[in-house]
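Along the sequence shown, residues carry numbers from 1.
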Amino acid sequence: MQQKVRFQIEGMTCQACASRIEKVLNKKDFVESAGVNFASEEAQVTFDDSKTSAADIAKIIEKTGYGAKEKTEDALPQPEETAHVNWRLWLLLVINIPFLIGMAGMMIGRHDWMIPPVWQFVLASIVQLWLAIPFYKSAWASIKGGLANMDVLVTIGTVSIYLYSVYMLFFSPHSAHGMAHVYFEVGVMVIGFVSLGKFLEHRTKKSSLNSLGLLLKLTPTQVNVQRNGEWKQLPIDQVQIGDLIRANHGERIAADGIIESGSGWADESHLTGESNPEEKKAGGKVLAGALMTEGSVVYRATQLGSQTLLGDMMNALSEAQGSKAPIARVADKVAAVFVPTVVGIALLTFIVTWLIKSDWTVALMHAVAVLVIACPCALGLATPAAIMVGMGKAVKHGIWFKDAAAMEEAAHVDAVVLDKTGTLTEGKPQVAAVYCVPDSGFDEDALYRIAAAVEQNAAHPLARAIVSAAQARGLDIPTAQDAQTVVGAGITAEVEGVGLVKAGKAEFAELTLPKFSDGVWDIASIVAVSVDNKPIGAFALADALKADTAEAIGRLKKHGIDVYIMSGDNQGTVEYVAKQLGIAHAFGNMSPRDKAAEVQKLKAAGKTVAMVGDGINDAPALAAANVSFAMKGGADVAEHTASATLMQHSVNQLADALLVSQATLKNIKQNLFFAFFYNILGIPLAALGFLNPVIAGAAMAASSVSVLSNALRLKRVKIE
């Protein structure tokens with residue numbers, strides 16, 4: 001049986017490390033697929049659990065030189081600790097200070113600012129023989145694994161410079177005359193800059209890129225719980241299902257639950273993306289993480305921790321951010337051959353420069369600069385960094401993508417297929433028009449009162465819609481007696497002070513409707529009303545459009561996305577809705593198979609299709625589409641089939657999803673361009689001597705931070 005497991009990976013320094021782990025795992029016959037995300041430092045492995053176990057896979061990863069800790073679905077993702085500057089980096093930075101001063105002096109002709117060569121040797125030895133040990137360990141583990149990483153380049157370069165300087169200081173004929181040309185500052189400063197760059201990269205990945213930390217803060221650490229009739233302040237981990245919990249104004253809900261008493265308003269935007277607070281009262285639901293903006297409620301906990309909707313979202317986000325987008329394969333392929341290629345270029349640079357310059361010192365400096373400037377980190381971070389930020393932005397808009405591949409595919413969508421009922425419309429009938437028979441003696445309010453008196457004895461959705469409309473008008477509904485249902489026709493009853501009232505089909509109430517100019521009568525369900533067998537009026541009931549549907553369709557069309565309606569309703573009804581929204585493509589009377597077939601036709605015509613639906617009948621079309629969106633709370637099979645879930649039943653959220661995806665893909669392409677351009681430009685400049693190793697080290701550190709900073713710009717992108 002196939003099983004999926006996720007691991008937190010420790011010890012990766014660049015994309016080559018991630019590629020190495022993937023390569024090792026994917027070679028195993030019991031592994032169906034394995035992907036490693038360098039930015040989130042996570043591995044996702046699908047394997048045959050009849051042949052191996054998660055623990056065995058962790059051991060395989062550890063043999064490649066990295067730590068692996070299994071992440072379970074039952075527990076909430078843990079908050080990442082804020083990265084702090086450790087003592088090793090502090091000491092490196094302190095040792096760098098005299099060398100920085102010395103190099104600044106040399107730039108203005110003050111060579112006396114550099115400390116004496118012997119003291120340079122002492123400080124450089126502390127760095128190379130002690131503080132740089134983590135680089136050596138990583139490099140050695142990488143070489144043993146068969147795929148060299150960034151630390152191999154740093155190690156070769158800095159050790160070469162250090163050994164050269166030691167030779168020149170103690171063994172060169174020039175050293176006896178005090179003319180030794182040493183470059184201890186190069187190794188020290190390269191190690192320092194690279195270490196600082198790694199720290200900044202790590203801190204950005206752990207804090208700024210990931211939205212999980214912000215979500216974790218939504219759950220209170222202490223809650224008011226009723227125990228033995230008394231209210232007590234308890235830690236969240238001591239709360240049990242069934243406990244009564246109190247949340248006051250300004251406090252957050254600790255668990256999913258049902259309100260027992262109290263009322264107020266709660267902000268649930270962390271889950272739905274909807275900024276307007278929801279009213280909460282007895283019998284209603286509350287969701288973990290919601291903020292009580294007004295009032296106070298006592299609720300009974302029904303779901304805790306990872307079982308809450310918030311916990312489910314956090315686990316979904318964690319898994320989605322750890323997945324890999326197809327575009328990342330570009331970086332993976334390059335990373336697999338990058339380091340050996342760079343070593344070859346550095347060696348060629350050394351030989352050619354030596355032959356041209358006849359100075360092996362200059363040749364060595366050029367070669368080391370090539371090794372140091374070539375950083376595969378920026379390449380490895382380009383895609384996953386943008387995906388992590390984009391996923392977080394999508395969640396803030398109430399959109400849950402299942403994986404990075406779905407988000408990338410959504411960015412290419414140019415055709416959207418929408419179901420009508422429950423997607424474009426409210427999914428429940430409402431009074432759309434009213435007709436009063438002339439000279440009947442009954443006005444519109446009277447028609448509502450009489451019809452509601454009879455219909456409140458029926459359970460049909462049309463009956464409930466009329467009763468609700470009458471109540472919304474504030475009308476007093478009279479009493480009805482002896483109500484009788486005529487199957488397939490309507491209902492009759494004696495209404496006090498009125499007489500025998502019939503409500504149902506037009507022929508049942510003996511009403512012949514005139515020809516209306518308003519097209520809604522042609523597509524609506526009709527409920528006619530008569531008193532003592534004399535027709536007095538009728539109601540046209542239709543499924544009303546959602547308030548923001550027209551705006552959403554306009555947004556999609558503005559961005560060049562074609563919109564199609566496919567519904568099981570009759571063609572006239574579908575065309576009427578399409579005309580209201582300005583949609584050119586409307587298909588009615590469609591079975592689930594018809595919808596799926598039409599989606600396939602669109603794909604065959606070269607369209608990248610997104611399908612939106614919430615019912616069981618939408619599942620085949622959802623599966624057929626390039627990318628699919630289900631409404632939260634709809635049919636389980638629809639949510640399971642879909643590529644993403646929309647927390648609000650709103651097409652506007654679909655538009656948000658597509659635009660967030662487009663912005664994310666654009667950011668990825670920018671990052672990849674920068675990473676490739678950096679190396680294409682940097683390596684030749686280093687080989688030709690325009691960059692010394694120290695500048696190369698600083699540039700290498702800056703490249704990763706630049707890619708991460710560009711990814712973070714996604715947080716500020718406006719989705720319109």
To the nearest 0.5 Å, tell me how far [X] [atom1] sits from [Y] [atom2].
{"X": "Lys595", "Y": "Met590", "atom1": "NZ", "atom2": "CE", "value": "8.0 Å"}
{"X": "Ser643", "Y": "Met407", "atom1": "OG", "atom2": "CE", "value": "12.0 Å"}
{"X": "Asp256", "Y": "Thr308", "atom1": "CG", "atom2": "OG1", "value": "5.0 Å"}
{"X": "Gln8", "Y": "Glu42", "atom1": "CD", "atom2": "CD", "value": "6.0 Å"}
{"X": "Met631", "Y": "Met647", "atom1": "CE", "atom2": "CE", "value": "12.0 Å"}
{"X": "Thr425", "Y": "Lys546", "atom1": "OG1", "atom2": "NZ", "value": "7.0 Å"}

message: Checking Glu598 now: which residues fulfil side chain to side chain donor-acceptor pair (under 3.5 Å) with it, not counting sequence neighbours?
response: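 Glu598: no side chain to side chain donor-acceptor pair (under 3.5 Å) contacts found.
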Heavy-atom distance under 4.5 Å between the side chains of [X] and [Y], does that happen here?
{"X": "Asp419", "Y": "Val612", "answer": "no"}
{"X": "His559", "Y": "Leu658", "answer": "no"}
{"X": "Gln670", "Y": "Arg713", "answer": "yes"}

- prompt: Within a radius of less than 6.0 Å around CZ of Phe677, do more than 12 heavy atoms belonging to other residues, nucleotides or ligands occur?
  reply: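 Result for CZ/Phe677: open.
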message: Please determine whether the number of non-hydrogen atoms from other residues, nucleotides or ligands lying under 6.0 Å from atom NZ of Lys603 exceeds 12.
response: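 Above 12, so yes.
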message: Under the criterion side-chain contact (heavy atoms from CB on, under 4.5 Å), I'd like the reasoning laid out for Leu541 against Ile466: C-alpha separation, chi angles, the key distance, then a yes or no.
response: CA-CA 9 Å; Leu541 293 104; Ile466 292 173; 4.0 Å; yes
Is there a donor-acceptor pair under 3.5 Å between the side chain of [X] and the backbone N or O of [Y]?
{"X": "Gln44", "Y": "Gly35", "result": "no"}
{"X": "Asp543", "Y": "Lys428", "result": "yes"}
{"X": "Lys607", "Y": "Asp562", "result": "no"}
{"X": "Thr549", "Y": "Leu424", "result": "yes"}
{"X": "Gln653", "Y": "His397", "result": "yes"}

task: Using the six-membered ring wherever Trp is involved, compare the ring planes of His585 and Tyr564 and label them parallel, tilted or perpendicular (cut-offs 30° and 60°).
output: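 The rings of His585 and Tyr564 lie parallel, inter-plane angle below 30°.
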message: Holding to ring pair (Phe, Tyr, Trp, His ring centres under 6.0 Å), I want the full list of residues that pass it with Phe676, two or more places apart in sequence or in another chain.
response: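 If we apply the ring pair (Phe, Tyr, Trp, His ring centres under 6.0 Å) test to Phe676, skipping adjacent residues, there are no hits.
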Search all heavy atoms of [X] against all heavy atoms of [Y] and return the closest pair with its distance.
{"X": "Ala644", "Y": "Phe401", "value": "CB-CD2, 3.7 Å"}
{"X": "Lys393", "Y": "Leu714", "value": "CD-O, 3.2 Å"}
{"X": "Asn671", "Y": "Ala711", "value": "ND2-CB, 4.1 Å"}
{"X": "Ile526", "Y": "Trp521", "value": "CD1-CE3, 3.4 Å"}
{"X": "Gly264", "Y": "Met292", "value": "CA-CE, 4.2 Å"}
{"X": "Ala385", "Y": "Leu708", "value": "CB-CD2, 3.8 Å"}

Residues which pass side chain to side chain contact (heavy atoms under 4.5 Å, CB included) with Ala578, listed by chain and number, not counting sequence neighbours: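 By the side chain to side chain contact (heavy atoms under 4.5 Å, CB included) rule, Ala578 matches Ile565, Ile583, Ala586.
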task: Sequence neighbours left out, what passes side chain to side chain contact (heavy atoms under 4.5 Å, CB included) with Asn26? Give chain and number order.
output: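 Partners of Asn26 under the side chain to side chain contact (heavy atoms under 4.5 Å, CB included) test: Glu22, Val31, Ala34.
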query: How far apart are the C-alpha atoms of Ile553 and Leu418, what are their side-chain angles, what is the distance that settles it, and do they pass the side-chain contact (heavy atoms from CB on, under 4.5 Å) test?
result: CA-CA 10 Å; Ile553 299 301; Leu418 304 171; 3.7 Å; yes
Return a table of donor-acceptor pairs under 3.5 angstrom between the side chains of residues 408-417 and protein atoms on other chains or two or more places apart.
| residue | atom | partner | partner atom | Å |
| --- | --- | --- | --- | --- |
| Glu408 | OE1 | Ile327 | N | 2.9 |
| Glu409 | OE2 | Asn626 | ND2 | 3.4 |
| Asp414 | OD1 | Thr608 | N | 2.8 |

task: Please determine if Glu268 and Lys280 form a salt bridge, counting it only when a charged side-chain N lies under 4.0 Å from a carboxylate O.
output: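 Judged by the 4.0 Å cut-off on N to carboxylate O distance, Glu268 and Lys280 do form a salt bridge.
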- prompt: Does a donor on one side chain and an acceptor on the other come within less than 3.5 Å for Thr664 and Asn667?
  reply: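 Side-chain D/A pair, Thr664 to Asn667: absent.
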- request: Name all residues meeting the salt bridge (charged side-chain N to carboxylate O under 4.0 Å, His left out) criterion together with Asp656; count only those two or more places apart in sequence or in a different chain, and write none if there are none.
  value: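 Salt bridge (charged side-chain N to carboxylate O under 4.0 Å, His left out) check on Asp656 returns Arg555.
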field: Pair Val651-Asp548, side-chain contact (heavy atoms from CB on, under 4.5 Å): steps then yes or no
entry: CA-CA 8 Å; Val651 182; Asp548 63 349; over 6 Å; no
query: Going through the distances and angles, do Val36 and Phe7 end up as a side-chain contact (heavy atoms from CB on, under 4.5 Å)?
result: CA-CA 9 Å; Val36 182; Phe7 297 97; over 6 Å; no
